[in-house]
Each structure stands twice: as C-alpha cells, then as structure tokens.
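So the structure is just underneath, and the comments pick up after that.
So you know, we letter chains A, B, ... as the sequences are listed, proteins then strands, and number each from 1.
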Protein chains: 2
Amino acid sequence: MDAMLDTEGKETSATHGAYRRLREMILTGELPPGQKLKIEQLRGILDTGASPVREALSLLTSDMLVERIDQRGFRAAPVSKCNFEEILLLRCNLEETALRASITNADAPWEDRLVLRHHHMKKASQNGARDFEDAHKAFHMALLDNSKLPLLLRYCSQLYDLNIRYRYLAAGGSSYKKRDIAAEHQQILDAALNHDADSATRHLIDHYRRTGEYLSSQMEP
Amino acid sequence: MDAMLDTEGKETSATHGAYRRLREMILTGELPPGQKLKIEQLRGILDTGASPVREALSLLTSDMLVERIDQRGFRAAPVSKCNFEEILLLRCNLEETALRASITNADAPWEDRLVLRHHHMKKASQNGARDFEDAHKAFHMALLDNSKLPLLLRYCSQLYDLNIRYRYLAAGGSSYKKRDIAAEHQQILDAALNHDADSATRHLIDHYRRTGEYLSSQMEP
DNA sequence: GTCTCCAAAAATATCGATATTATTTGACAT
DNA sequence: ATGTCAAATAATATCGATATTTTTGGAGAC
C-alpha cells in the first residue's frame, strides 16, 4: 500500500522503473563511463530497494551498458575509440542486412508507418532533444522492422543505443542539427519508398559514416 | 560458513553457479522450450536461495535463452523454425565478417592457437559429446577471435549457443558425427592457415548451411 | 622512507519473510 | 450445462537483515 505512492501510476514494477531510469542516466552520461555503481548509492537516487536495483543492473549488463565483475559489483561500461568504431562497423553491416530485407518485404502498411515516423521526427525536431531522440530512433527502427527478423532488430536497437551514448558524451546530445541531417533522412525515406535497396542502404550508411567520422574526430586516440 | 560445503570449491558465487547450471539445462533441452521456470522449483533443483536464481534468470534473458514477462515470471525461450533460420542467417553474416577480419590480422600466435584448438577438438571427439561440444565451440571461436572485435565475438558466441540448442532438441546432440564433419573442419583450418579468406569463409558457411538444412528438414513448419 | 601484514570499514552477495499480483477453484445465477 | 464473479491459492516481486568478501588505513619491521 506504499508502492503506489509514485508520482504516476505508470511504472508497473520497481525493477522496470529502475531499469529505465538507469539506462537513461548511462546513455546521457549522467553516470559517466567506468563509474562504480554502488547499490546503496543508487538505492537512494532511485528510491527503491536493493533487489530491484541489482536486477536492473543485471538487465543493463545484457545491453552492454553495464559491466559486472563477479563479487566486485557493477560499473558503467567503459568507452573507447576502438569500441566506437566497432559499433559503427557492426551497425553498417547489420542495418544494411535489415534494410534490404525490409525492402524485400515492402508493403503498403510498412510504407505508411515510415511516412508517419518521418513526419513525427520532423515535428519533434522543434521540441527538446529528448523528444527528437525518441522519434529519431523510432524512424530508424521503422526502416528496419519490416525485415521481420527479431534477433537482428534487437542487435540493431542495442547498437543504436550504444551509439547515441557516444553522441551524448561527445557533444551533450546536440551535435546533431549541425549538419543537414533532414536532407539525409529524406533521401533514405524516398529510396525506401521507391524500393530501391541499393540507394537506400548507400544513403543510410553514408549517414552513419558521416556522423561517425565527426564523432571520431572529437575523441582522443 | 555454509556456502563452502559444495562438492567442489570451484564455483565462486551462487549466482554464477546457478547461471551455468540453468544455461546447461536449457541448451541441452532438459528444460524444454516454453517451460515455465518457477523460482521455488528451481530453488530446489539448484539448492540455493531465491535471489541467485532470479539473478541467473535475468542474465539468461540477455542470452535470449529465457524470456521474462513482467510480473509473470520467467520461461525458457520458445523455439521455431523461423527463429532457427534467422539464427543461421545471422551466423553466416556475422561469422563471415569476423573470420575475414581474423585473417586480415593473421599472425603466428593466432595460427598456433588454431592448430591447437583443432587438435584438441579431434582428440575430444573420442570422448563424450559434452567434451566435444566444448572443444568444437572453442575451435570455432578461435577462428573468429583474431578479429579483435569484442562485440561481434559476443554476438557470434550467443548465436552459436542458440544454435546448439536446436541441435540438442533435434537429435539429442548426436546428429553430429553422421556427416564427415572432420573433413569440413580440416578445410576451414587449412584455408585459414593459408590466409585465404574467400576459401575459408566459403567452407565455413557451407559447413553451417549443411548442418542447417539437415536440422531444418527435421522440424515441423 | 617504503613495504608488508593485520585489523577496521565498506560494499557485495545472499537469505528469510512479507506484500503484491496472477491464477485457480467453486458457488451461484442464468 | 454454462458463464461469471469472488474467495482461496500459488507465485512473483520486494524488503530488511546477515554473512562474506573486498577495500582501506595504519602500525610495525626492514
């Protein structure tokens, strides 16, 4: 009768709530890479018991956002240029596979979804960066999700998150609108709607490489 | 002073022990796909508390061997022909990438490791299936690990495990020695030692496809 | 002045118990 | 008979406390 005093009745379980909050804090850099994550300390921040915190950290381990050292607790996953470049490489490879499969399966409902997500993303770009981030991910995942390959989608989603972490770390999350990113998205969308797999994947990969090179240049060796 | 009464002093933490044991039980089919995994019941089997069991199940969730339904507990991940085919597809894609990278970085220590693993695998094929499984995985991972791409290796390892689960389910783990698998391994090894990436990846993928088709034919739609 | 070793402190891992939530059972009405 | 609802049952999620392990800090020896 005490667990329902949350600000909202939105969160179903304490574990899930802690998971979402911690994930957010790690992605945005509020919990910096390599930082020791002490249960007691987090218990305070998240206002919940030790068990949900432990379980949330376990779940984040699978997302590769937290490292677990047996008998020695948890820490936020470290970052490195090497790691960043691997993420970029794998994204290019996996997203190309997924996008091609999506286009192979192309149908009207998918195209509708794409157009809608793209529209929402454009609208959200006028709001805060947080809203845009969500809409941006939704658009990119919509490009891929017609592949009907759940494992592949899961990997793409994971790698996407690992990548935005580097964006936040490099430039506070605002490094975005500096290039003409809207035009790049439009090109990808158009090619996808035309079922032109070669063009779509080329634009998508260019999109990633360009952001990747910018971020890479911002990092120490 | 009670945690050390195990048969051996090998296991460091109860969680890790439970993790390994549960993983084994799911991979081999002792816990069949879709089975409800009740904490109390597992607590009995694994002879430990509820917390380590919960945490082990959380970790297995990341390996995609266990599904978690919020507020409704855990169950062994379901299987399907679709899922199997996706695993095969991704393995071909990711392992090709990893093997090519490994060969690009080829050096003497790696080649030594390969030869050694291959030798151990041949020796283990005379022992039990369990020993062979371990040696077989070690050989395949050795092929890839010179890529120096930890994320990619992690995915390959995960997919490898998901795949051997299907082998156990289809044929009790012994469907193996029916084809001349030794010759296939030899071809892959030779090509890798010759730094012939095209040949090595071709043999590797053929190796997977052949096993895949056999297993696929054994399954209902 | 530096190193080693032991005691104190802190943090993790684990347990047992309780509160919450899902599931089943059975009685009642249709 | 059958469908619905409420009480009983079972299972999960969470808490608070304890045992184990790691880390810290300092005293004594070289």
Side-chain angles (χ1 to χ4, degrees), chain A residues 1-23 25-26 31-32 34-62 65-78, chain B residues 1-23 25-26 31-32 34-62 65-78:
Chain A
M1 73 173 74
D2 170 55
M4 262 304 159
L5 292 180
D6 304 9
T7 43
E8 307 153 322
K10 204 177 61 179
E11 288 306 354
T12 148
S13 68
T15 297
H16 198 236
Y19 170 76
R20 307 228 314 180
R21 182 91 184 81
L22 281 173
R23 175 195 181 82
M25 292 202 292
I26 293 171
L31 289 173
Q35 173 147 126
K36 185 111 219 304
L37 302 175
K38 301 184 200 171
I39 308 283
E40 270 309 304
Q41 168 198 333
L42 296 176
R43 226 191 63 90
I45 296 174
L46 301 169
D47 187 38
T48 185
S51 311
V53 172
R54 272 189 79 77
E55 205 158 322
L57 289 171
S58 274
L59 293 172
L60 287 164
T61 295
S62 16
L65 289 169
V66 165
E67 263 189 5
R68 173 190 190 143
I69 309 134
D70 207 72
Q71 226 83 16
R72 211 160 301 179
F74 301 87
R75 58 181 56 234
Chain B
M1 73 174 73
D2 170 57
M4 262 305 158
L5 293 179
D6 305 9
T7 43
E8 307 155 322
K10 202 175 62 178
E11 288 305 353
T12 146
S13 69
T15 297
H16 199 236
Y19 171 77
R20 307 229 316 180
R21 182 92 183 77
L22 281 173
R23 175 195 182 81
M25 290 202 292
I26 293 171
L31 290 173
Q35 172 146 128
K36 185 108 218 309
L37 302 174
K38 300 183 200 174
I39 308 283
E40 270 309 305
Q41 170 197 334
L42 296 176
R43 226 192 62 90
I45 297 173
L46 302 168
D47 187 39
T48 184
S51 311
V53 172
R54 273 189 78 77
E55 205 160 323
L57 289 170
S58 275
L59 293 173
L60 287 164
T61 295
S62 19
L65 289 170
V66 165
E67 262 189 7
R68 173 189 189 144
I69 309 136
D70 206 72
Q71 226 79 18
R72 212 161 301 176
F74 301 86
R75 60 181 54 237

Can you identify which nucleotide, out of [options], has its nearest atom closest to the [X] side chain?
{"X": "A:Phe74", "options": "C:dA13, C:dT12, D:dA13", "result": "C:dA13"}
{"X": "A:Arg68", "options": "C:dA13, D:dT14, D:dA11", "result": "C:dA13"}
{"X": "A:Gln71", "options": "D:dT21, C:dT14, D:dA11", "result": "D:dT21"}

Could you tell me the separation between the [atom1] atom of [X] and the [atom2] atom of [N], rounded to a whole number of Å?
{"X": "B:Arg43", "N": "C:dC15", "atom1": "CZ", "atom2": "P", "value": "8 Å"}
{"X": "A:Leu46", "N": "D:dC15", "atom1": "CG", "atom2": "P", "value": "11 Å"}
{"X": "A:Ile39", "N": "D:dA17", "atom1": "CD1", "atom2": "P", "value": "17 Å"}
{"X": "B:Lys38", "N": "D:dA13", "atom1": "NZ", "atom2": "P", "value": "14 Å"}
{"X": "A:Gln41", "N": "C:dT12", "atom1": "CD", "atom2": "C1'", "value": "14 Å"}
{"X": "B:His16", "N": "D:dT21", "atom1": "NE2", "atom2": "C1'", "value": "17 Å"}
{"X": "B:Tyr19", "N": "C:dA13", "atom1": "OH", "atom2": "C1'", "value": "18 Å"}

| field | Below 4.0 Å: OP1/OP2 of D:dT14 and any side-chain N or O of A:Thr15 | value |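 The answer is yes; a side-chain N or O of A:Thr15 sits under 4.0 Å from OP1 or OP2.
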
| task | Could you tell me whether the phosphate oxygens of C:dT23, OP1 or OP2, come under 4.0 Å of any side-chain nitrogen or oxygen in B:Lys36? | result |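 B:Lys36 to C:dT23 OP1/OP2: no side-chain N or O under 4.0 Å.
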
For a quick test of reading the model, state the closest non-hydrogen atom pair linking [X] to [Y] and the distance between them.
{"X": "A:Arg43", "Y": "A:Thr48", "value": "CG-O, 2.8 Å"}
{"X": "A:Gly49", "Y": "A:Pro52", "value": "O-CD, 3.4 Å"}
{"X": "B:Leu42", "Y": "B:Leu57", "value": "CD1-CD1, 4.1 Å"}
{"X": "A:Glu55", "Y": "B:Ser58", "value": "CG-OG, 3.4 Å"}
{"X": "A:Arg54", "Y": "A:Arg68", "value": "NH2-NH2, 3.5 Å"}
{"X": "B:Thr15", "Y": "B:Ala56", "value": "O-CB, 4.0 Å"}

| Can you tell me how far the CG atom of A:Asp70 sits from the NE2 atom of B:His16, to the nearest 0.5 Å? |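 The NE2 atom of B:His16 is 6.0 Å from CG of A:Asp70, to the nearest 0.5 Å.
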
| request: Nearest 0.5 Å please: distance from the CD1 atom of B:Ile45 over to the CD atom of B:Glu40. | output: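 B:Ile45 atom CD1 to B:Glu40 atom CD measures 11.5 Å (nearest 0.5 Å).
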
| message | Between A:Arg75 and A:Gly34 (side chain of the first, backbone of the second, donor and acceptor by atom type, cut-off under 3.5 Å), is there such a pair? | response |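 A pair under 3.5 Å: yes.
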
| request: For B:Glu40 and for A:Asp70, find the nucleotide of DNA chain D with the closest heavy atom, then tell me which residue's nucleotide is more 5'. | output: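 By nearest-heavy-atom nucleotide position, the 5'-most residue is B:Glu40.
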
Polar atom pairs between nucleotides 23-25 of chain D and protein, under 3.5 Å, N or O only, would you list them?
none

| query | Which of residues 48-61 of chain B sit near DNA chain D, with a heavy atom under 4.0 Å from it? | reply |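 Those residues whose heavy atoms fall under 4.0 Å from DNA chain D, taken from residues 48-61 of chain B in numerical order, are B:Arg54.
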
